[in-house]
Enquirer: 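The structure that follows is given in the form of structure tokens.
Any value given below was found using the heavy atoms of this structure, including those in side chains, with hydrogens, waters and symmetry copies removed. Counting from 1, the numbers follow the sequence of the chain as shown. Worth saying up front: this structure is predicted, and the values here are computed from it rather than measured.
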Amino acid sequence: MTTVKVKIKNTSKHPLPAYGTLFSAGMDLRADLQSPVLLKPLQRALIPTGIYIELPEGYEAQIRPRSGLAIKKGISVLNTPGTIDADYRGEICVILVNLSDTDFVVEDGERICQMVVKEYVKVEWEEAEELSDTERGAGGFGHTGVK
């Protein structure tokens with residue numbers, strides 16, 4: 001496991017994002033709200049966190065749903081995973097969506113998503129007339145069946 005230092009600015013009244021367990025990949029982010037936000041069924045809202053980060057070059061942060069909110073309340077992150085690029089310096093805000101059939105209230109300080117910091121590679125395209133053959137070929141979208 002690699003450790004990387006990331007600069008962080010916290011303008012919220014909540015603790016810094018933290019790992020919940022020793023082997024957690026994601027850190028929970030909390031809502032930073034002046035008042036609760038009501039999400040009606042199928043409604044979405046941009047929720048601020050009060051967190052700003054400065055990722056090193058070659059890293060991104062991914063914003064992902066929390067499994068507990070998803071299964072228990074039907075709440076998810078709409079653009080999953082959301083990507084925070086290394087050159088972004090604005091506040092991390094999260095697009096939450098209510099996929100349930102009941103209202104959900106987002107409270108200040110509530111853990112609304114998780115953030116995973118990942119290293120990435122840059123692609124350099126090499127144009128080609130043909131690609132190499134594989135056993136799979138162009139098979140996709142269920143080509144291997146369901147059982």
Enquirer: As an exercise, state the distance from CD of E54 to NZ of K5, rounded to the nearest 0.5 Å.
Expert: 14.0 Å

Enquirer: Does Y19 belong to the same Ile/Leu/Val/Met/Phe/Trp/Tyr cluster as I63, with side-chain heavy atoms less than 4.5 Å apart forming each link?
Expert: yes

Enquirer: Taking all atoms of both residues into account, what is the closest heavy-atom pair of R64 and P81, and its distance?
Expert: CG-CB, 4.2 Å

Enquirer: Please test E110 against L69 for side-chain contact (heavy atoms from CB on, under 4.5 Å), starting from the C-alpha separation and ending with a verdict.
Expert: CA-CA 11 Å; E110 185 166 1; L69 274 181; 4.1 Å; yes

Enquirer: Taking C-beta and beyond as the side chain, do V117 and M27 meet within less than 4.5 Å on heavy atoms?
Expert: yes

Enquirer: Can you tell me if K13 has over 12 outside heavy atoms packed within less than 6.0 Å of its NZ?
Expert: yes

Enquirer: For residues A61 and L55, report the shortest heavy-atom separation together with the two atoms involved.
Expert: N-CD1, 3.5 Å

Enquirer: I need the D28 CG to I112 CD1 distance, nearest 0.5 Å.
Expert: 10.0 Å

Enquirer: So which atom in E91 and which in G50 form the shortest heavy-atom distance, rounded to 0.1 Å?
Expert: OE2-N, 2.6 Å

Enquirer: Check the hydrophobic clustering (I, L, V, M, F, W, Y; side-chain heavy atoms under 4.5 Å; chains of links allowed) and say if V116 and V77 are grouped together.
Expert: no

Enquirer: Can you list the other members of the hydrophobic cluster that holds V105, where links are side-chain heavy atoms under 4.5 angstrom apart?
Expert: L38

Enquirer: Quick check: is Y88 connected to I8 through a chain of hydrophobic side chains (ILVMFWY, heavy atoms under 4.5 Å apart)?
Expert: yes

Enquirer: Atom CD1 in I47, atom CG in L39: separation rounded to 0.5 Å?
Expert: 6.0 Å

Enquirer: Please give me the minimum heavy-atom distance between A86 and P56, naming the atom from each residue.
Expert: CB-O, 3.6 Å

Enquirer: Hey, does V97 have a side-chain heavy atom less than 4.5 Å from the side chain of L42?
Expert: no

Enquirer: State, yes or no, whether a side-chain contact exists between T102 and P41 at a heavy-atom distance under 4.5 Å.
Expert: no

Enquirer: Share the residues that join I71 in a hydrophobic cluster, the rule being Ile, Leu, Val, Met, Phe, Trp or Tyr side chains under 4.5 Å apart at the heavy-atom level.
Expert: none

Enquirer: Would a single hydrophobic cluster contain both V94 and L16, if residues Ile, Leu, Val, Met, Phe, Trp and Tyr are joined by side-chain heavy-atom contacts under 4.5 Å?
Expert: yes

Enquirer: Specify the closest pair of heavy atoms between P65 and S76, including all atoms of both residues, with the distance to one decimal.
Expert: CG-OG, 3.5 Å

Enquirer: Nearest 0.5 Å, what's the CG-CD1 distance between N10 and I51?
Expert: 3.5 Å

Enquirer: Which pair of heavy atoms, one from R66 and one from Q114, lies closest together, and at what distance?
Expert: CG-N, 4.0 Å

Enquirer: Do L33 and L29 share a hydrophobic cluster (ILVMFWY, side-chain heavy atoms under 4.5 Å, transitive)?
Expert: yes

Enquirer: When rounded to the nearest 0.5 angstrom, what distance separates CG in L96 from NZ in K73?
Expert: 14.0 Å

Enquirer: To the nearest 0.5 Å, what is the distance between CD on E60 and NZ on K118?
Expert: 8.5 Å

Enquirer: Within the structure provided, determine whether E119 and T2 are in side-chain contact (heavy-atom separation under 4.5 Å).
Expert: no

